[in-house]
Amino acid sequence: MAKTPTLRIDRLLASMGYGSRTEMARLAKAGGITLDGAEMADVSQRIALTPDLPARMQVDGAVLDPLPGVVILLHKPLGMTCSHKEDGPLVYDLLPPRWRRRDPAISTVGRLDKQTTGLLLMTDDGALLHRLISPKRHIRKTYRATLARPLTGAEGAIFASGTLMLEGEAKPLLPAELQVIGPCEARLHITEGRYHQVRRMFAAVGNHVEALHRESMGGLRLDDGMTPGAWRVLGAEEVGRV
Ligand code: URA
């Protein structure tokens with residue numbers, strides 16, 4: 001079994017955005033950092049990063065934020081951008097402000113367009129991020145699309161063919177599965193993550209996506225009743241379902 005990593009308390013808290021190491025030393029001296037209810041005055045002490053640490057440690061009277069290695073499930077609302085630096089509302093604005101100061105930073109696992117809603121994962125775990133967005137993984141993603149024009153009935157076979165070429169690309173798309181829900185409503189299962197893929201697929205068959213919502217990624221779905229903008233931290237077992 002892998003050894004539990006340890007870290008100096010001041011380094012841990014600084015990396016989680018609580019403040020500088022000097023500020024953490026000051027906070028500790030004032031009794032603001034506790035473990036199992038006991039004050040921890042010496043922030044140079046190393047602490048084991050066990051999964052139960054956030055429940056046992058309090059900073060300034062509140063339980064510790066999730067440790068590095070966090071994975072977040074978010075219901076992305078319409079009109080928010082998956083970027084760290086663009087103008088306008090960003091998906092990161094939905095998380096507590098302190099989380100913006102974490103190092104390593106929390107990033108989105110791939111991107112959804114500004115006008116796409118639905119399941120979005122975020123993590124500060126670089127290795128996991130790369131695994132999940134790797135083109136080799138072929139993670140199945142399901143989107144629900146509302147279309148400008150009625151489906152013709154030909155789209156399913158074209159998407160499933162494995163020969164559809166998107167404009168400006170050199171390689172055909174892998175087969176994708178279309179489920180018709182209504183005249184202008186469909187569910188599309190894809191295993192790639194090319195730029196604007198779903199919108200471009202429907203454009204390639206002469207249609208236009210008016211609304212797009214990601215329902216699932218691998219074995220993960222949004223929770224029932226999870227409203228746009230809502231999010232929660234995933235447990236290790238759930239992360240394994242992607
Ligand atoms: N395909 C798109 O066109 N947009 C998204 O946001 C995701 C998939």
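As the structure is a prediction and not an experimental result, all values here were calculated from the model. For ligands, and for the atoms within them, numbers begin at 1 and follow the listed sequence.
- Polar contact check, R200 against ligand 1: no nitrogen or oxygen pair lies under 3.5 Å apart.
- The proximity of L212 to ligand 1, defined as any non-hydrogen pair under 4.0 Å, is limited to the side chain.
- Scanning the protein heavy atoms around atom 4 (N) of ligand 1, the nearest turns out to be D113 OD2, 2.7 Å.
- With salt bridges taken as basic N to acidic carboxylate O contacts below 4.0 Å, one links R232 and E238.
- The aromatic rings of H84 and Y92 sit parallel to each other, their planes meeting at less than 30°, with 60° as the upper class boundary.
- Atom numbering of ligand 1 starts at 1 in the shown order; those under 4.0 Å from a heavy atom of T116 are 4 (N), 5 (C), 6 (O).
- A donor and an acceptor atom, one from each side chain of R111 and S83, are nowhere located under 3.5 Å apart.
- Open room surrounds CZ on R11; 12 or fewer heavy atoms of other groups in view lie less than 6.0 Å from it.
- Applying the ring pair (Phe, Tyr, Trp, His ring centres under 6.0 Å) test to every pair with at least one member in residues 222-242, sequence neighbours left out, gives these pairs: W99-W231.
- Using a 4.0 angstrom heavy-atom cutoff, Y143 counts as in contact with ligand 1.
- Ranking the protein heavy atoms by distance from atom 1 (N) of ligand 1 puts V198 N, 3.1 Å first.
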